[in-house]
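Reviewing the structure listed below.
Letters go in sequence order (proteins before strands), and every chain restarts at 1.
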There are 2 protein chains.
Amino acid sequence: MIRLKDIALRLGVSAMTVSKALRDEPDVSVATKTKVKKLAAQLGYVPNAAARSLRAKSTCMFGLVIPSLINPIFARVVMALEERAHEMGWEIIIAQSLNRADREENCIRRLLSRRVNGIFLSPVYRIEAHAPIYEELRRQQTPVVILGHRALFCERFSNVETDDIAASRATTQHLLSLGHRKIACFIGPPFAPWAQERFEGYRQAMSEAGIPLDDQLIFQAGSTIEEGQAAALEMINESTPATAIQATNDLVAIGAANTFLAQGVQIPRDLSIAGFGNILTSEHYRIPLTTVRQPKYRQGIAAMETMQNLLDGKPNELKRLPSELIIRQSTGPVPRS
Amino acid sequence: MIRLKDIALRLGVSAMTVSKALRDEPDVSVATKTKVKKLAAQLGYVPNAAARSLRAKSTCMFGLVIPSLINPIFARVVMALEERAHEMGWEIIIAQSLNRADREENCIRRLLSRRVNGIFLSPVYRIEAHAPIYEELRRQQTPVVILGHRALFCERFSNVETDDIAASRATTQHLLSLGHRKIACFIGPPFAPWAQERFEGYRQAMSEAGIPLDDQLIFQAGSTIEEGQAAALEMINESTPATAIQATNDLVAIGAANTFLAQGVQIPRDLSIAGFGNILTSEHYRIPLTTVRQPKYRQGIAAMETMQNLLDGKPNELKRLPSELIIRQSTGPVPRS
DNA sequence: GCAAGCATGGCAACTGTCCGAGAAATTATC
DNA sequence: GATAATTTCTCGGACAGTTGCCATGCTTGC
């Protein structure tokens, strides 16, 4: 690999001059600059980013820690982040936590070792300020942008979230406005912040409508199609009298819908089902799914803006982007029975 | 940020000793090691990867260049790569080419500047050995694993592909076995290697069946739902007498199916449609789609194995993983008419 | 008693780049 | 023609860690 010194030796100048020439600093003559640049191009010189980072005390890299890369919801965020980083000439190192706190901690620690200038993090659990790894991030003054799930506990942590509570509430209100009163809630993993928020929206809307929460209507459904199917079977076995289901995400909603359709239940005539997330499949499902669209690309853009503010030394901030209820054909008026 | 030297100063030993102690080298006493490790943990010491890379002439990083992060097909590959890299304690830098050759080149150049130890690349165009950027990769002896679309033109390039030609041929053969003779082919972007391969499979099967290619049955359909719809409309306008459609991917198939269903055409009674890729939506579409499953996760695993072989100085290789035709309900016997 | 061996730890050098300071060469001014 | 001002270039050092070799001080063997 060609170094500055190699170019310098061949031209009979110092490495310093080459460095300055390539960076177009003013105190190098035009003649030398062109000579240097020409030879550099000819030799295929590529500066060594590690050496530059060491010297500059800045790596021009970001770290990104998300639960999973195959979740299409995150894919859009990552896409936006990568595009912005590319424009800046910065790089992004990816890391998956696979929904495990120990792995998340491990990922963060390795990113710190890489001396990334900032970390984008979608945490597995609701962030606890006292967890050792967050404590360490705070101590190291590392800028962190949390994707969703508020955690503004120190001045180098910002937060960019989609308003899932409001959107979930709007979904429940939509079902209420169709006359439903017995609305089952298929909730996600109890530890997951996003699942908690979606349940919170349901809870608020029911409370506002004066309907007490009914344990019999609440099902643990995880986050996959299979888990949605299992919860639906449970509901059938218990002859739960719900006229609508609000699911924690589209996959669970589809799993549930598959099960009910297989039993001859008609959707939405006999049963309304709403999802969350607006994945592609929800639009092209047998019964196009009522769901919530989250502005994930915009969340990525906003996250990068927020990160740059932190890097500029500006105070931390909390951005909340509106999510939007999309009413399709899987929800309808309550059956007269 | 804590350095080796800081720990050394506090303990009254040299930085060398600390370095050796933390790496568990044999020539440091157990007593010193425990003392050093304890203080390091207490101070939250994190080694500087940039400095280490500079000295070691190895960054323990891979680069990954793919067209788009939101394509679920790539997501599985990336997931597998990240998991394996994590096990090795290596990092992955992501870069999107967004299907543009200039951007791809730019991404590769930046990865070279980062001195990644290897690059995983899913090229935009069929690789031409003489393109300057590939020439440069070859000259720098950078190990490259091409994801799909064979390009074994130098000893540091390996290739891991899914056998799309065979799978596409199997799809056409499936349609032929159902009695179809007028099989329309909705082909993808003409420059894209994957689109070329899928068309090639169709071509081979038709040729083997003794059916000459008919230009009237071949439609440029791009790679999106909208393009699939447009191609279907074109087919309707031209009253093309096809009894089946083989689409370049699932999205195009779904776009086409949507259009025909809206016109009252019944699938598969009046028209068979096959996709490619087995995205989630294809399984849960109104008419579950006949398509091809590509072993993308396994492709990622195989790619990492191949990369390690290259790093170990072993010769380059070509791995081809079988793709599998999945017959669902969107294809059926040719209508009797 | 002397050489050899061993365990432990330190010094200098090196990785590639860039900053600050100053030297050398060129040009401008009187 | 001498000095001052400016341009152009070089030198030493720093960044944080690792490698190879050497310097201890101690034990062992003959």
Side-chain angles (χ1 to χ4, degrees), chain A residues 1-37 39-40 43-61 89 91 109-117 140, chain B residues 1-37 39-40 43-61 89 91 109-117 140:
Chain A
M1 271 267 173
I2 308 293
R3 301 161 303 165
L4 281 183
K5 206 192 249 180
D6 299 319
I7 300 175
L9 284 175
R10 297 204 195 204
L11 289 177
V13 297
S14 76
M16 203 57 256
T17 307
V18 178
S19 172
K20 285 180 179 173
L22 291 176
R23 279 174 302 129
D24 258 332
E25 294 227 344
D27 56 345
V28 177
S29 69
V30 178
T32 312
K33 273 185 191 169
T34 50
K35 236 182 7 183
V36 167
K37 284 181 185 170
L39 186 59
L43 295 177
Y45 168 73
V46 185
N48 184 323
R52 190 175 271 174
S53 301
L54 189 58
R55 183 67 239 247
K57 290 183 164 299
S58 162
T59 53
C60 296
M61 295 196 297
E91 307 296 340
R109 223 170 276 285
R110 287 170 41 189
L111 292 173
L112 286 177
S113 181
R114 293 285 170 178
R115 298 292 190 274
V116 293
N117 291 37
Q140 313 248 359
Chain B
M1 271 268 173
I2 307 293
R3 301 160 303 163
L4 280 184
K5 206 191 252 179
D6 300 319
I7 300 175
L9 283 176
R10 296 204 196 204
L11 289 177
V13 298
S14 78
M16 257 6 57
T17 308
V18 178
S19 170
K20 287 178 180 173
L22 291 176
R23 277 175 303 129
D24 259 333
E25 294 226 345
D27 54 349
V28 176
S29 69
V30 179
T32 313
K33 273 185 191 169
T34 49
K35 236 183 6 182
V36 167
K37 284 181 185 170
L39 186 61
L43 295 177
Y45 170 72
V46 185
N48 185 323
R52 188 177 274 175
S53 301
L54 189 57
R55 180 70 237 243
K57 291 187 164 300
S58 163
T59 52
C60 297
M61 296 196 296
E91 309 294 340
R109 225 170 273 285
R110 288 170 40 189
L111 291 173
L112 286 177
S113 181
R114 293 285 170 180
R115 296 294 190 274
V116 292
N117 291 38
Q140 313 248 358

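Across all strands, A/Ser53 comes closer than 4.0 Å to no nucleic acid atom at all (heavy-atom distances).
Counting only heavy atoms from C-beta outward, the side chains of B/Lys20 and B/Asp27 approach each other to under 4.5 Å. A/Asp6 has its side chain within reach of A/Arg3: a pair of non-hydrogen atoms, C-beta onward, lies under 4.5 Å apart. With contacts defined as side-chain heavy-atom distances shorter than 4.5 Å, the pair A/Leu4/A/Leu22 qualifies.
For B/Ser29, taking side-chain heavy atoms from C-beta onward, the closest of the listed nucleotides D/dG17, C/dT17, C/dT8 is C/dT8. Counting only heavy atoms from C-beta on, B/Leu54 has its side chain closest to C/dT15 among C/dT15, D/dT8, C/dT8.
For the pair A/Lys33 NZ and D/dT8 P, the interatomic distance rounds to 9 Å; values are reported in whole Å. Atom pair B/Leu22:CG and C/dG9:P shows a separation of 13 Å (rounding to whole Å applied). If you measure from atom CZ of A/Arg52 to atom P of C/dT17, you get 8 Å, rounded to the nearest angstrom.
OP1 or OP2 of D/dA16 lies within a sub-4.0 Å distance of a side-chain N or O belonging to A/Lys57. For the pair A/Tyr45 and C/dG16, the criterion of a side-chain N or O lying under 4.0 Å from OP1 or OP2 is not met. Within the 4.0 Å cut-off from OP1 or OP2 of D/dC9, at least one side-chain nitrogen or oxygen of A/Thr32 is found. OP1 or OP2 of C/dG10 sits under 4.0 Å from a side-chain N or O of B/Ser14.
Note that OG of A/Ser29 is 7.5 Å distant from NZ of A/Lys35, once rounded to the nearest 0.5 Å. Taking CE of A/Met1 as the start and CZ of B/Arg115 as the end, the distance is 4.5 Å to the nearest 0.5 Å.
Checking B/Val30 against B/Ala51, the closest nucleotide of DNA chain C that is more toward the 5' end is the one next to B/Val30.
The stretch residues 3-13 of chain B touches DNA chain C through B/Val13, each having a heavy atom under 4.0 angstrom from the strand. Near-neighbour residues of DNA chain D inside residues 109-117 of chain A, defined by a heavy atom below 4.0 Å, are absent.
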* Can A/Met16 and A/Ser19 be said to form a side-chain contact (heavy atoms from CB on, under 4.5 Å), step by step? -> CA-CA 5 Å; A/Met16 203 57 256; A/Ser19 172; 3.9 Å; yes
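For B/Lys5, there are no side-chain hydrogen bond (donor to acceptor under 3.5 Å, both in side chains) partners at least two apart in sequence or on another chain. In this structure, the side-chain hydrogen bond (donor to acceptor under 3.5 Å, both in side chains) partners of B/Glu25, at least two apart in sequence or on a different chain, are B/Arg23.
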Side-chain donor-acceptor pairs of residues 43-57 of chain A under 3.5 Å, sequence neighbours excluded:
unit_1, atom_1, unit_2, atom_2, d
A/Asn48, OD1, A/Ala50, N, 2.8
A/Asn48, OD1, A/Ala51, N, 3.2
A/Ser53, OG, A/Ala49, O, 2.7

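Summarising the local packing, CZ of B/Arg10 is surrounded by 12 or fewer heavy atoms from other residues, nucleotides or ligands at distances under 6.0 Å.
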Pick out the pairs of N or O atoms, protein on one side and nucleotides 19-25 of chain D on the other, that lie under 3.5 Å.
unit_1, atom_1, unit_2, atom_2, d
D/dT19, OP2, B/Arg23, NH1, 3.0

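When the options B/Leu39, B/Ile7, B/Leu9 are evaluated for a side-chain contact (heavy atoms from CB on, under 4.5 Å) with B/Val18, the one that passes is B/Ile7.
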